[in-house]
Amino acid sequence: MVVLRHAKSAWPAGVPDASRPLAERGERDAPAVGRWLRAHVPGIDLTVCSPAVRTRQTWRLAAGELDGIPELRLDERVYDAEVADLLSVLHELPDTARTVALVGHNPGLSELVHVLTGDRVELKTSSVAVLHGPNRWVDVNKGTANLARCETPRGLTS
């Protein structure tokens, strides 16, 4: 499983949280995330993404760097989610999706990684945590995964 926090977002005045777009830095970092994924996590089968603008933009830019673009599912439960919500999303995934990218927000994503692995990580914007866990999604629960890697790819500044 790949847990990806959205890239750096902008804070335009008067824009609701779910509608906030990526900042310039986020637009640079998201493709770097995709290049990192292409190099380290081949074969993502499915992406489950928060419907927030910044998460969708992050995934679109990252996925553009992959060898093949996996199926995308937008799920309202991933936005502003607590661990229980995220576990419900994971438990409903088809077992045919062997590697899934979950694209969302903090603090829920960092808490999910902690609950599943026991490791405390701070998922900064554009951070990627790669977890190895059970073969069936319904079996993903507290302490059932291992943290294989946690990286924060950054794009080049011009």
Side-chain angles (χ1 to χ4, degrees), residues 1-83 85-87 89-90 93 97-117 119-133 140 145-158:
M1 173 176 27
V2 174
V3 178
L4 168 60
R5 183 175 175 202
H6 64 80
K8 183 73 174 169
S9 60
W11 293 84
V15 174
D17 184 70
S19 299
R20 289 191 299 121
L22 290 180
E24 286 182 29
R25 187 178 100 196
E27 290 175 350
R28 288 191 311 266
D29 291 347
V33 169
R35 291 188 295 275
W36 189 91
L37 289 170
R38 184 181 65 227
H40 299 284
V41 187
I44 295 173
D45 302 309
L46 174 66
T47 300
V48 179
C49 185
S50 159
V53 169
R54 62 193 178 273
T55 51
R56 289 184 290 125
Q57 288 177 325
T58 297
W59 183 247
R60 181 181 47 80
L61 292 168
E65 300 291 328
L66 301 177
D67 291 328
I69 298 177
E71 176 188 348
L72 174 62
R73 292 185 187 173
L74 299 179
D75 193 318
E76 285 283 343
R77 296 174 294 173
V78 180
Y79 178 75
D80 199 26
E82 295 183 4
V83 171
D85 302 316
L86 296 171
L87 284 172
V89 170
L90 295 175
L93 295 174
R98 307 242 339 130
T99 303
V100 172
L102 180 64
V103 185
H105 313 267
N106 257 354
L109 292 183
S110 289
E111 292 171 2
L112 176 70
V113 172
H114 174 68
V115 166
L116 295 181
T117 68
D119 293 307
R120 289 210 180 269
V121 297
E122 178 191 349
L123 294 177
K124 299 175 183 179
T125 55
S126 301
S127 288
V128 180
V130 179
L131 284 59
H132 296 156
V140 173
N146 296 312
L147 180 63
R149 287 190 81 155
C150 189
E151 300 288 337
T152 306
R154 295 290 189 211
L156 298 175
T157 58
S158 47

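We use all heavy atoms of the structure for the numbers below, so side chains are in, but hydrogens, waters and symmetry mates are not.
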Residue pair L90, L112: steps toward the side chain to side chain contact (heavy atoms under 4.5 Å, CB included) verdict:
CA-CA 11 Å; L90 295 175; L112 176 70; 4.2 Å; yes

To the nearest 0.5 Å, atom CG of L102 lies from atom CG of L4 at 8.5 Å

The side-chain hydrogen bond (donor to acceptor under 3.5 Å, both in side chains) partners of E122 (sequence neighbours excluded) come to none

Any side-chain donor paired with an acceptor under 3.5 Å for T152 and S126?
no

Checking V41, V2, V3 against V128 for side-chain contact (heavy atoms from CB on, under 4.5 Å), the one that qualifies is V2

Taking atom CD of E24 as the centre, report whether more than 12 heavy atoms of other residues, nucleotides or ligands fall under 6.0 Å from it. no

Worksheet entry | V15 backbone acceptor or donor facing S19 side chain under 3.5 Å | no

- Message: When you measure from the side chain of D45 to the backbone of V100, do you find a donor-acceptor pair of N or O atoms at a distance under 3.5 Å?
- Response: no

Residue pairs meeting ring pair (Phe, Tyr, Trp, His ring centres under 6.0 Å), one or both in residues 50-73, sequence neighbours left out, come to none

If only atom types and distance count, is the side chain of S127 paired as donor or acceptor with the main-chain N or O of R5 below 3.5 Å? no

- Item | 4.5 Å side-chain heavy-atom contact, V78 and V103 | no

Quick note, ring pair (Phe, Tyr, Trp, His ring centres under 6.0 Å) partners involving residues 2-35, not counting sequence neighbours, are H6-H105

CD (E82) with more than 12 external heavy atoms under 6.0 Å = no

Closest non-hydrogen contact found for C150 with L123 is SG-CD2, 3.8 Å

The ring pair (Phe, Tyr, Trp, His ring centres under 6.0 Å) partners of H132 (sequence neighbours excluded) come to none

Only residue of T58, D75, L74 satisfying side-chain contact (heavy atoms from CB on, under 4.5 Å) with C49 is L74

Keeping R56 on the side-chain end and P51 on the backbone end, is there a donor-acceptor pair under 3.5 Å? yes

Applying salt bridge (Lys or Arg N to Asp or Glu O under 4.0 Å) to E65 and not counting sequence neighbours gives R35, R38

Any chance you could lay out the side chain to side chain contact (heavy atoms under 4.5 Å, CB included) test for R28 and K8, step after step, and finish with the verdict?
CA-CA 9 Å; R28 288 191 311 266; K8 183 73 174 169; over 6 Å; no

With sequence neighbours left out, the residues meeting side-chain hydrogen bond (donor to acceptor under 3.5 Å, both in side chains) with R60 are none

